[in-house]
Amino acid sequence: MKHLPPDEGIEVAFAGRSNAGKSSAINTLTGQSKLAHISKTPGRTQMINLFELDDERRLVDLPGYGYAKVSRSVKAEWERTLDEYLRTRKCLKGIILLMDIRHPLKEFDATLIHWATESNMPVHILLTKSDKFKRGPAINTLQAVKKELPKHLVSIQLFSSLKHTGIDEAIAVLDEWFGETSDAS
Ligand code: GDP
């Protein structure tokens with residue numbers, strides 16, 4: 001936390017269980033194929049990685065939670081870091097929460113959504129790897145998950161980095177949080 005840049009401007013954080021497709025989504029949304037995967041170099045996975053869009057605006061890649069191969073104490077440390085970042089960071093404008101469409105709303109996802117809504121922090125959910133389902137079942141899952149969510153401050157959509165679906169919808173949310181108008185170039 002003490003190595004983060006000054007708490008100024010606007011940050012949008014990407015969170016999700018390990019393997020949810022977070023790195024792929026960051027790369028897809030930024031149009032840069034290697035950006036977030038670089039942060040997965042062994043030994044760096046526990047860090048918060050920041051990607052500067054300009055002097056005022058940053059994408060924040062939070063450590064993936066629930067990674068099976070790490071010890072309980074490392075997991076606890078990640079959760080502490082996440083918790084501290086989310087609770088204290090004033091420039092945090094919103095959270096993009098990634099959930100694999102086949103495994104939505106696991107325990108920590110629910111905790112994060114609960115925390116965010118209690119803190120008045122908007123959350124936009126990407127149901128990732130939506131290409132794994134045919135369109136009908138994908139939409140049914142979207143509707144079923146939506147029913148479980150608070151109505152206020154939480155939005156959700158289908159997303160696939162592989163098929164490049166849902167990009168415009170996600171970019172529109174990012175633009176809004178970063179204060180871009182839709183016709184800005
Ligand atoms: P992270 O751990 O959350 O950063 O997840 P990654 O982006 O590294 O993706 C985890 C795995 O899911 C990798 O094997 C990816 O190739 C795969 N994956 C990511 N996005 C998609 C997607 O949109 N569709 C499919 N079918 N697989 C994906």
Side-chain angles (χ1 to χ4, degrees), residues 4 11-53 58-72 74-83 85-86 92 94-113 115-116 123-146 149 154-174:
L4 289 176
E11 285 177 359
V12 172
F14 284 67
R17 286 170 58 79
S18 175
N19 209 43
K22 180 158 60 68
S23 309
S24 304
I26 290 174
N27 292 337
T28 301
L29 291 168
T30 55
Q32 301 201 34
S33 63
K34 300 225 169 69
L35 196 64
H37 285 298
I38 293 165
S39 70
K40 291 192 145 184
T41 312
R44 292 204 200 156
T45 40
Q46 300 163 41
M47 287 187 175
I48 291 178
N49 290 283
L50 295 109
F51 304 114
E52 251 177 25
L53 305 176
R58 296 172 295 276
L59 294 181
V60 181
D61 185 6
L62 294 173
Y65 42 86
Y67 186 53
K69 287 185 190 137
V70 302
S71 68
R72 200 177 270 266
V74 171
K75 266 186 203 166
E77 180 62 36
W78 288 0
E79 291 191 7
R80 247 199 315 279
T81 306
L82 267 178
D83 183 63
Y85 172 82
L86 294 171
L92 179 62
I95 299 167
I96 303 283
L97 172 60
L98 297 99
M99 306 194 297
D100 187 320
I101 191 163
R102 298 163 299 173
H103 313 288
L105 289 176
K106 296 285 188 192
E107 188 183 350
F108 201 87
D109 302 323
T111 304
L112 187 70
I113 293 165
W115 170 87
V123 180
H124 184 67
I125 299 171
L126 305 184
L127 278 184
T128 59
K129 311 186 195 180
S130 64
D131 57 275
K132 293 277 184 189
F133 287 177
K134 291 203 168 76
R135 186 158 171 78
I139 288 172
N140 288 343
T141 305
L142 177 72
Q143 296 305 342
V145 175
K146 207 180 225 172
L149 298 172
V154 184
S155 49
I156 184 167
Q157 66 161 99
L158 298 174
F159 190 85
S160 165
S161 292
L162 189 73
K163 299 282 183 199
H164 279 235
T165 47
I167 295 176
D168 290 350
E169 203 177 340
I171 293 281
V173 172
L174 291 171

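Every value quoted in this text rests on a predicted model; they were computed, and no experiment measured them. Atoms within a ligand are numbered from 1 in the order they appear, just like the ligands themselves. In what follows, every heavy atom counts, from backbone to side chain, and hydrogens, waters and symmetry copies are set aside.
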**Q** How close do G16 and L97 get, heavy atom to heavy atom, and via which atoms?
**A**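 That would be CA-CD1, 4.2 Å.
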**Q** Go through ligand 1 atom by atom and flag the ones less than 4.0 Å from a non-hydrogen atom of S23.
**A**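 Answer, ordered by atom number: 1 (P), 4 (O), 7 (O).
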**Q** With atoms numbered from 1 as shown, which atoms in ligand 1 lie under 4.0 angstrom from a non-hydrogen atom of L162?
**A** 22 (C), 23 (O), 24 (N), 26 (N)
**Q** Show every salt bridge (charged side-chain N to carboxylate O under 4.0 Å, His left out) that has at least one partner inside residues 123-133, sequence neighbours left out.
**A**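 For residues 123-133: D100-K129.
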**Q** Is E11 paired with R58 through a side-chain N to carboxylate O contact shorter than 4.0 Å?
**A**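 Salt bridge present between R58 and E11.
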**Q** For L98 and G21, work out which heavy atoms get closest and say how close.
**A**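 So the minimum-distance heavy-atom pair works out to CD2-O, 3.9 Å.
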**Q** Can you name the atoms of ligand 1, numbered from 1 with element, that are less than 4.0 Å from a heavy atom of S24?
**A**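 Counting from 1, the qualifying ligand atoms are 6 (P), 7 (O), 9 (O), 19 (C), 20 (N).
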**Q** Please confirm whether G16 approaches ligand 1 to less than 4.0 Å, judged on its heavy atoms.
**A**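 It does not, in that no heavy atom of G16 comes within the 4.0 Å cut-off of ligand 1.
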**Q** Taking all atoms of both residues into account, what is the closest heavy-atom pair of I101 and S130, and its distance?
**A** CG2-CA, 4.0 Å
**Q** With atom 9 (O) of ligand 1 as the reference point, say which of G21, S160, S161 has the nearest heavy atom.
**A** G21
**Q** Please, which pairs that meet salt bridge (charged side-chain N to carboxylate O under 4.0 Å, His left out) have at least one residue in residues 162-174, sequence neighbours excluded?
**A** none
**Q** With a 4.0 Å cut-off on heavy atoms, is T128 touching ligand 1?
**A**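 Distance cut 4.0 Å: T128 fails for ligand 1.
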**Q** Would T28 and S161 count as having a side-chain donor-acceptor pair, cut-off 3.5 Å?
**A** yes
**Q** Below 4.0 Å, non-hydrogen atoms only: which portion of D131 touches ligand 1? Side chain, backbone, both or neither.
**A**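 It is the side chain that touches ligand 1; the backbone stays farther off.
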**Q** Output the list of atoms in ligand 1 that are nearer than 4.0 Å to some heavy atom of A20, sorted by atom number.
**A** 3 (O)
**Q** For K22, take its heavy atoms, then give the atoms of ligand 1 lying under 4.0 Å from any of them.
**A** 1 (P), 3 (O), 4 (O), 5 (O), 7 (O)
**Q** My understanding is that we take every heavy atom of each candidate and find the minimum distance to atom 17 (C) of ligand 1. Doing that for R102, K129, K132, R17, which one comes out nearest?
**A** K129
